[in-house]
Amino acid sequence: MSAEMIQTSYREALREGIRDALKRDARVFLMGEDVGRYGGCYAVSKGLYDEFGPERIRDTPLSECGFTGAGIGAAMGGMRPIVEIMTVNFSLLALDQIVNNAATLRHMSGGQFNIPLVIRMACGAGKQLAAQHSHSLEGWYAHIPGIKVLAPATLEDARGMLWTALEDPDPVVIFEHVMLYNRTGQLAADAGPVPIEGAAVRLEGTDLSLVTYGGCLFKTLEAAGQLAAEDISAEVIDLRCLRPLDDATLMTSVAKTHRAVIISEEWRSGSLAAEVSARIMEQAFWDLDAPVGRLCTAEVPIPYPKHLEDAALPQVSAIVDAAKAVLNR
Amino acid sequence: MSAEMIQTSYREALREGIRDALKRDARVFLMGEDVGRYGGCYAVSKGLYDEFGPERIRDTPLSECGFTGAGIGAAMGGMRPIVEIMTVNFSLLALDQIVNNAATLRHMSGGQFNIPLVIRMACGAGKQLAAQHSHSLEGWYAHIPGIKVLAPATLEDARGMLWTALEDPDPVVIFEHVMLYNRTGQLAADAGPVPIEGAAVRLEGTDLSLVTYGGCLFKTLEAAGQLAAEDISAEVIDLRCLRPLDDATLMTSVAKTHRAVIISEEWRSGSLAAEVSARIMEQAFWDLDAPVGRLCTAEVPIPYPKHLEDAALPQVSAIVDAAKAVLNR
Amino acid sequence: MSDTHTSAGGKLHLNRDHALHLLREMLRIRRFEERCAELYTQEKIRGFLHLYVGEEAIAVGVMQCLAPEDAVVATYREHGHALARGIDMKTLMAEMYGKQEGVSRGRGGSMHVFDAATRLYGGNAIVGGGLPLAVGLALADKMQGRARVTSCFFGEGAVAEGAFHESLNLAALWRLPVLFICENNLYAMGTALERSESETEIFHKAASYKVPAVSLDGMDVIAIEATTRQAVAAIRAGEGPQFLECRTYRFRAHSMFDAQLYRDKAEVEAWKRKGPLLRFRHWLEETHMLDAAEAERIESEVEDELAAAVAFAESGTWEPVEDLLRDVHTEQPA
Amino acid sequence: MSDTHTSAGGKLHLNRDHALHLLREMLRIRRFEERCAELYTQEKIRGFLHLYVGEEAIAVGVMQCLAPEDAVVATYREHGHALARGIDMKTLMAEMYGKQEGVSRGRGGSMHVFDAATRLYGGNAIVGGGLPLAVGLALADKMQGRARVTSCFFGEGAVAEGAFHESLNLAALWRLPVLFICENNLYAMGTALERSESETEIFHKAASYKVPAVSLDGMDVIAIEATTRQAVAAIRAGEGPQFLECRTYRFRAHSMFDAQLYRDKAEVEAWKRKGPLLRFRHWLEETHMLDAAEAERIESEVEDELAAAVAFAESGTWEPVEDLLRDVHTEQPA
Ligand SMILES: Cc1ncc(C[n+]2csc(CCOP(=O)(O)OP(=O)(O)O)c2C)c(N)n1
Ligand SMILES: Cc1ncc(C[n+]2csc(CCOP(=O)(O)OP(=O)(O)O)c2C)c(N)n1
Ligand SMILES: [Mg+2]
Ligand SMILES: [Mg+2]
């Protein structure tokens, strides 16, 4: 039984996910800078203000610390807030609330309080927004016990992860890569919730595992296509959930391919890519035929000009090269 | 020619380093919460207020974002500020200024401005201060291009790293583990600057490399002593400088020992320990006789009671066990 | 409680029962704190310990005006709030010890008292960190049409933090039912108010947000109760947040590690003479509401309660190490 | 500049040269911004582009009062400040293109204009992020005994950020030579002032810090210059920080991606009629300081300057990819 398919975009899929949640549960509301009248910095919430009004599509002043903390409080008070922090770059101002309150309150109180909060934010580079607007800090968030961290890359995940995240009794952070918003494709008209645990094998292969997520997924799939043309069979793993990581899917893949490259848009040192590499080291060392490679962003504040931004970020050709390198080809 | 030795503490060594800097360079000043009249939360700056006065030992209001940013501005304005953020736990409130200004301004301005700023902060657990006062987030800082990150553990480094850091034209962050302040020992009376690049081999050994830094160094040395009693020769590497990492010292050691365990007080997922493991994977894979191990803190907000805090943190016995595990013993 | 009431001038006409209740509540806090200090030197209590001695009138005065369904957000100096809010002294003391019978299962200790039953949302060790939570709790109430009040306590040191400012603006802008109570004890650790704020009249800050604010004598439990009652009534009437600045003084060190180099003994002694317990007791004696026998009876009852609390904590048990990771996430049915 | 002066009432007695200088400066900004918008649609300029059209009087008025050794801290809407501060239009335009001949070597683009020569410390894309820097620059001046002023521009949206509050307090507490200039254009992206602040008279906020503050017509270049001159004099006289709120309006979208759903066309048109250029030009004509020929001459000179700037940017070169990592750290002699 295959459902009817509709043409949609990542942005629209996210919006439908939010609309859904608002309709389904009166406790859900969206709060953040310019989510309402402006329609959202990246137009994700466009139209929702007219549909749901100012209480439930709540524009906030510029106060990331204040309104993120308010989201935590509202969650403890029985609501199901979706806090939109416009971009990860500004989330640094809210990090204290996330680390010291959202992530700790449940454990520290001996399990007395839940924080059923979802925080969404745009992340990543590629739009020539320069050094202060191009961060990929999802690895930082993935370091924090007490929260879950998601990076939907596909239309299905954009549409369905929010649902599941809102049903989770604990805080969930969702990263939306800015270069994904305009991606379009086919999605089942009745697309529903998707699990928020577990990685996905987006392409099966036998020669090596390419491990990635978020903004790098489609670059990696493209690279896998080019590799296929050269008779190299790459398996592509989309982590999807950055905390907790799905070790089983990773190790199963490495046990099959014996080689892996991790591709992420983070700065290399201290990246989540390092964590994946370290886990493969720990759990699949004897399966490896070559050291696990990493392809990350150059360790530099992202510059404005396109040629330098491109040079800083992982590109398809570099993924192909990195894959060949671990295959000694 | 061996210099006269004096008995001192880590705290005093830090204080002498600051005093030195204040005497040597009129542009140097110390700024932070309660650094002056109170004498510093951990008494590092005790006495300096009386000696140097309120302008140069500058108490600030509780405004981590404001005074850290002010330190950046003052550095651009020709001063050599030492900003003390009382503990890393509160530095989350200043992270925007550090990431988006201190670390980026030089590159983003095309090299026009330097930020000769030093930020010191206490870090770590062990004093039963519970979930909001026990963080080890040095891995986050080590992820940021544009800053250097130091973790002095010995008296020499406590005494001498500040000097070198202040002479650096770029921002330097120094982590002081709270459990080190009371450590005492012998230090050369004329102890001077020490380099702020490069790891140190604190104990030579041949069977495995124990890689650590900061608060875990002495636990690791103690573990190495116990291993020695069982005829296991551990080499202990003190990273000292967490950004940039000294790959050469690491790989030289691993090339000799063929086995390694990284010990750090961070939460394990997304830790700097993962970065070290990933680098050994990339640069010394063929030297390895066993997967590199990691011993980190349990992924939990640190609880207050001693038995639970102890259970969460890396302990000597666990280091011994981890070492034996990579030796299959 | 119900038989107290405010006159137009904001003064309370106290009946004797309520007056003695206030005295007892303050005394319970005072004795609890003193015992904690002793237990700290005995190493029964560890970590950071911040005592409320000298400031008892504020928590006690304010709590008289809150209903059970209201909420409380406090700081790391929150034992007084917890006791006045009605948390059992036994489970509070067990928390100080880190025993699993403690109100936060022993995991929080002195700085992190939580209690779902009385809606005490901490116990927050980040200065200013509780204010945004209070805004959110109040927002939840407003959105769900509940006429509850969220009370939010913080020190004057927190006023320099951005979080204070953002929270006041949000609460005012959205007319949320938050009662902000600044416990202005004139010092933030060793930093005197004049060295942390260019405007030292803290309650004036509320004007920036059009939040009604008053400054009051934080040593006068009756004034605090009376003024709070008015503020709470205004909040319940939908007038939005209200702000109280209570001028007080902490009689003891900031924490157990503080040599108090930053203030004179004489200053401390002068404030002690204005202390809330001394003063209220004196007034009760003058008005013949309290005689020596009654005073002794209260003291000894509090002593008994305290002894029972210590015994409870002593006989408490340690959370099993196997439970270390429990509650990091909610355990979900498989 | 030196031949302007303030009367007691704060009005300027303008000589014609200076008046025409003001006009030209505003026009340079206006035309530069308009050209940037065109170049954006041609994809010569990319990223986020925030235009200063409608707000020119503020940067121009303020900059008249700063000496070369003073400092400027601005926002991502800073082309106007850069031009009025004296940055060459050529290198500014090259920066818009991302060419290495740009004032920030092309790395910053529209939001990150830096210039050591004129002490312009950005160009900051984090709302409120520049304020602490300004405090620090002023602190360095004060500690080094220099009578410099640091001017700090920010939008009214920044006022809700904690960083604003912390910075004002620090500057006031330490009596630092900072001139805070709030460019209140009534919107932060799509959020109207009434929806971001409970107190919409922004200059009242400064009272919380005892910082002298005035609100003024941000469309009146002469009023701005006159008031700034007084404020700067007060700062140089050691009176500590001063605060100016300039009520203005941005005539164009927030950035190039903004459909302006949040405001009426009629509102925009009404404000345009009060525009700083229109108004000043009208006044110059009325007072016979400007005739049609002169106006045309200025326009055409500005056009020439702009044409040269575009040509310079077009013929500029890309920074070699090999230099990507240069300046992350200072290259130190080996
Ligand atoms: C954000 C942050 N910065 C610094 C500290 C360290 N600290 C703990 S209490 C305190 C003083 C707070 O003073 P105040 O707000 O007046 O409360 P009081 O202790 O006087 O009740 C400081 C600086 C902290 N806990 N959080
Ligand atoms: C901390 C932070 N939050 C959000 C943003 C996104 N943002 C960029 S400009 C802007 C509006 C700022 O308004 P205002 O301060 O009034 O300045 P204006 O643009 O009107 O000149 C917002 C929300 C940002 N850059 N930084
Ligand atoms: Mg205080
Ligand atoms: Mg604005």
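Convention: sequence-line order gives letters A, B, ...; per-chain numbering from 1.
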Worksheet item: Under a 4.5 Å heavy-atom cut-off, does chain A meet the side chain of C:Asp115, its backbone, both or neither?
Response: both
Worksheet entry | Charged N-O contact under 4.0 Å between C:Glu319 and C:Arg326 | no
Practice prompt. May I ask you to test the A:Arg243-A:Pro145 pair for a side-chain heavy-atom distance under 4.5 Å?
Written response: yes
Response to the item:
d(C:Leu39 CG, C:Leu49 CG) to nearest 0.5 Å is 9.0 Å
Practice prompt. Go through the atoms of A:Phe29 and report whether side chain, backbone, both or neither lie under 4.5 Å from a heavy atom of chain C.
Written response: side chain
Discussion item. Taking every non-hydrogen pair under 4.5 Å, which of C:Arg105, C:Glu95, C:Lys142, C:Arg107 racks up the most with chain A?
Written reply: C:Arg107
Worksheet item: So which part of C:Leu131 gets closer than 4.5 Å to some heavy atom of chain A, the side chain, the backbone, both or neither?
Response: neither
Discussion item. Given heavy-atom pairs under 4.5 angstrom as the criterion, report whether the side chain, backbone, both or neither of C:Arg146 touches chain A.
Written reply: side chain
Worksheet, complete the sentence: Rounded to the nearest 0.5 angstrom, the CG-CZ distance for A:Asp50 and A:Arg37 is 10.0 Å
Practice prompt. Between chain A and each of C:Thr150, C:Val135, C:Leu170, count heavy-atom pairs under 4.5 Å; write down the option with the most.
Written response: C:Leu170
Worksheet item: Contact part of A:Thr104 toward chain C, heavy-atom cut-off under 4.5 Å: side chain, backbone, both or neither?
Response: neither
Worksheet item: Taking atom NE2 of C:His254 and atom OG1 of C:Thr191, what is their separation to the nearest 0.5 Å?
Response: 10.0 Å
Discussion item. What's the separation between atom CG in A:Leu137 and atom CG in A:Asn89, rounded to the nearest 0.5 Å?
Written reply: 7.5 Å
Worksheet item: Any idea which of A:Pro61, A:Pro81, A:Gly71 has the most non-hydrogen atom pairs under 4.5 angstrom with chain C?
Response: A:Pro61
Worksheet item: Relative to chain A, which segment of C:Leu324 carries a heavy atom at a distance below 4.5 Å: side chain, backbone, both, or neither?
Response: backbone
Discussion item. Quick check for you: among C:Gly122, C:Ala71, C:Pro132, which has the greatest number of heavy-atom pairs under 4.5 Å with chain A?
Written reply: C:Pro132
Practice prompt. May I ask you to decide whether C:Glu314 forms a salt bridge with C:Lys44, counting only side-chain N to carboxylate O separations under 4.0 Å?
Written response: yes
Worksheet item: Side chain, backbone, both or neither: which part of A:Leu93 has an atom under 4.5 Å from a heavy atom of chain C?
Response: neither
Fill in: chain C contacts, top residue of A:Gln97, A:Arg58, A:Met76, A:Glu64 (heavy-atom pairs, under 4.5 Å)
A:Arg58
Fill in: Aromatic centroids of A:Tyr141 and A:Phe175 separated by under 6.0 Å
yes
